[in-house]
Amino acid sequence: MATFLQLAQKIASESGTIEGTLPTTVTGQTKRLAKIVRWTNDAWRAIQNAHASWKWMRSDFSGSTVAAQRLYTGAQMGISSRFAEWINTGNADTETRYSSYLAATGVADEGQLQFVDWDTFYSRCMRGTQTNGRPLFFSVSPDNQLALHPIPDAVYTIRGPYRKDVQDLTADGDIPEMPVRFHDLIMDVALASMLTIHDEAQVQIGLYRLRQIGRFCELERDQLPRITMGPALA
């Protein structure tokens, strides 16, 4: 396990330009140490943003509707922080993870919500007079709100998956959320993509990029969904 401070110290040491165990803290640094601290967090952000389907950045929500309200933000569905987007396949045949149940009845009432693409949802569900009822369909609006149809007529519990926004490292003891065995990849990205380019250290870039590619491929193999084949066409 590596903390923000430990990663910054490793990056400083590997750069070959800092003597001793520095920085002693990630806060209040200036000049080169300030850049090393910043690049450590920038490298971590770059890794998180490299794929939208990293396993460690996925989570589940369980939120309550409000009667007569169709659209919901992440916060309105009980996601307190770091909400990025609702996860869905974009395909009505394969998206089976969202569900709803009448809160007063409980999970015995739980049933699947059917996904509808936004253009279809907008044209069919958001025009004319609508009758409120139990939500049976959902979509995601262009401004990233969860849309339900019919409009809820009571309090329903909605459950499903969402993607977390990036984690910023700010304090000495902050720990990157990806699996511990891949923490050194942050050092490789910081050295290869930021620090050595800044220093124009062309000799070292080749080694750092080789290490970065190997570890990054291992992370992808471990933390991206498996590719599967669909049913054969008749």
Side-chain angles (χ1 to χ4, degrees), residues 1-61 74-75 78-87 161-227:
M1 180 179 68
T3 65
F4 186 17
L5 177 59
Q6 290 169 337
L7 285 166
Q9 290 172 341
K10 290 184 73 172
I11 291 166
S13 176
E14 286 289 317
S15 73
T17 60
I18 302 293
E19 295 184 0
T21 305
L22 295 173
T24 56
T25 179
V26 297
T27 60
Q29 296 299 332
T30 60
K31 299 181 179 179
R32 186 171 182 83
L33 286 178
K35 291 180 179 180
I36 288 173
V37 168
R38 183 173 68 252
W39 285 331
T40 303
N41 185 58
D42 286 350
W44 172 227
R45 289 179 62 90
I47 292 169
Q48 293 175 89
N49 283 322
H51 288 289
S53 51
W54 292 126
K55 290 180 182 178
W56 81 84
M57 296 186 73
R58 293 182 165 214
S59 191
D60 299 311
F61 73 91
I79 304 170
S80 59
S81 64
R82 290 183 52 204
F83 169 77
E85 62 182 353
W86 310 104
I87 294 175
Y162 75 96
R163 188 170 73 86
K164 294 186 288 185
D165 205 351
V166 295
Q167 173 199 23
D168 272 315
L169 304 176
T170 58
D172 288 348
D174 285 352
I175 299 171
E177 292 176 347
M178 72 176 175
V180 171
R181 61 188 180 278
F182 299 113
H183 280 183
D184 279 348
L185 175 59
I186 299 171
M187 175 185 66
D188 292 336
V189 173
L191 289 169
S193 299
M194 298 169 189
L195 195 144
T196 51
I197 293 176
H198 174 270
D199 291 345
E200 298 181 354
Q202 298 299 321
V203 174
Q204 289 88 348
I205 286 177
L207 172 61
Y208 291 143
R209 287 208 181 279
L210 284 174
R211 292 165 60 188
Q212 177 184 342
I213 290 170
R215 287 177 177 149
F216 193 81
C217 289
E218 292 170 0
L219 180 65
E220 289 180 316
R221 182 188 64 220
D222 186 82
Q223 289 294 304
L224 290 180
R226 303 276 179 165
I227 298 175

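For reference, positions follow the sequence shown, starting with 1. Since we're looking at a predicted model, the values are computed, not measured.
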Asks: Determine, stepwise, if the pair Val37 / Phe4 fulfils side-chain contact (heavy atoms from CB on, under 4.5 Å).
Replies: CA-CA 8 Å; Val37 168; Phe4 186 17; 3.7 Å; yes

Asks: Looking at Arg45 and Val166, what are the two nearest heavy atoms and their distance?
Replies: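 Looking at all heavy atoms of both residues, the shortest contact is NH1-CG2, 3.3 Å.
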
Asks: So which heavy atom on Tyr162 is nearest to which on Asp60, and how close?
Replies: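 Nearest heavy atoms, Tyr162 then Asp60: CE2-O, 3.6 Å.
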
Asks: Between atom CE of Met57 and atom CD1 of Ile87, what is the distance when rounded to the nearest 0.5 Å?
Replies: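 Answer for the CE-CD1 pair, Met57 versus Ile87, is 9.5 Å.
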
Asks: With rounding to the nearest 0.5 angstrom, report the CG to CD1 distance, Leu169 to Ile175.
Replies: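 The CD1 atom of Ile175 is 10.0 Å from CG of Leu169, to the nearest 0.5 Å.
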
Asks: Taking all heavy atoms of Ile36 and all of Ala8, pick out the closest pair and write down the distance.
Replies: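 Nearest heavy atoms, Ile36 then Ala8: CG2-O, 3.6 Å.
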
Asks: Determine, stepwise, if the pair Glu14 / Met187 fulfils side-chain contact (heavy atoms from CB on, under 4.5 Å).
Replies: CA-CA 9 Å; Glu14 286 289 317; Met187 175 185 66; 3.6 Å; yes

Asks: Would you compute the distance between atom CG of Leu224 and atom NZ of Lys55 and round it to the nearest 0.5 angstrom?
Replies: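 Leu224 CG to Lys55 NZ: 8.5 Å, rounded to 0.5 Å.
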
Asks: For Gln9 and Pro23, indicate whether the former's side chain and the latter's backbone hold a donor-acceptor pair under 3.5 Å.
Replies: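 Such a contact is found between Gln9 side chain and Pro23 backbone.
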
Asks: With distance as the sole test, does Glu218 use its side chain to make a donor-acceptor pair with the main-chain N or O of Phe182 at under 3.5 Å?
Replies: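 No; judged by distance alone, with no hydrogens or angles, the pair does not exist.
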
Asks: Looking only at atom types and distance, does a side-chain atom of His183 sit under 3.5 Å from a main-chain N or O of Met178, one as donor and one as acceptor?
Replies: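 Present.
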
Asks: For side-chain contact (heavy atoms from CB on, under 4.5 Å), just list the numbers for Gln48 and Trp56, CA-CA rounded to whole Å, side-chain angles, deciding distance to a tenth of an Å, and then say yes or no.
Replies: CA-CA 9 Å; Gln48 293 175 89; Trp56 81 84; 4.2 Å; yes

Asks: Measure across Asn41 and Asp168 and return the closest heavy-atom pair with its distance rounded to 0.1 Å.
Replies: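 It is ND2-OD1, 3.0 Å.
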
Asks: Evaluate the criterion side-chain contact (heavy atoms from CB on, under 4.5 Å) for residue pair Val26 and Asp174; output intermediate values, then yes/no.
Replies: CA-CA 10 Å; Val26 297; Asp174 285 352; over 6 Å; no

Asks: Check for a donor-acceptor pair, side chain of Trp54 on one end and backbone N or O of Ile47 on the other, with a separation under 3.5 Å.
Replies: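 Answer holds: yes.
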
Asks: Do Glu177 and Lys164 have side chains that approach each other closer than 4.5 Å (heavy atoms only, starting at C-beta)?
Replies: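 The answer is yes, as the side chains (C-beta and beyond) meet within the 4.5 Å cut-off.
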
Asks: Please find the pair of heavy atoms, one from Ala43 and one from Ala190, that lie closest to each other, and give the distance.
Replies: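 In this case the closest contact between Ala43 and Ala190 is CB-N, 3.6 Å.
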
Asks: Test of understanding: with salt bridge (charged side-chain N to carboxylate O under 4.0 Å, His left out), list the residues that count as partners of Arg163, not counting sequence neighbours.
Replies: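 Applying salt bridge (charged side-chain N to carboxylate O under 4.0 Å, His left out) to Arg163 gives Glu85.
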
Asks: Just to verify, what does Thr27 make a side-chain hydrogen bond (donor to acceptor under 3.5 Å, both in side chains) with, not counting sequence neighbours?
Replies: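 Expected list: Thr25.
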
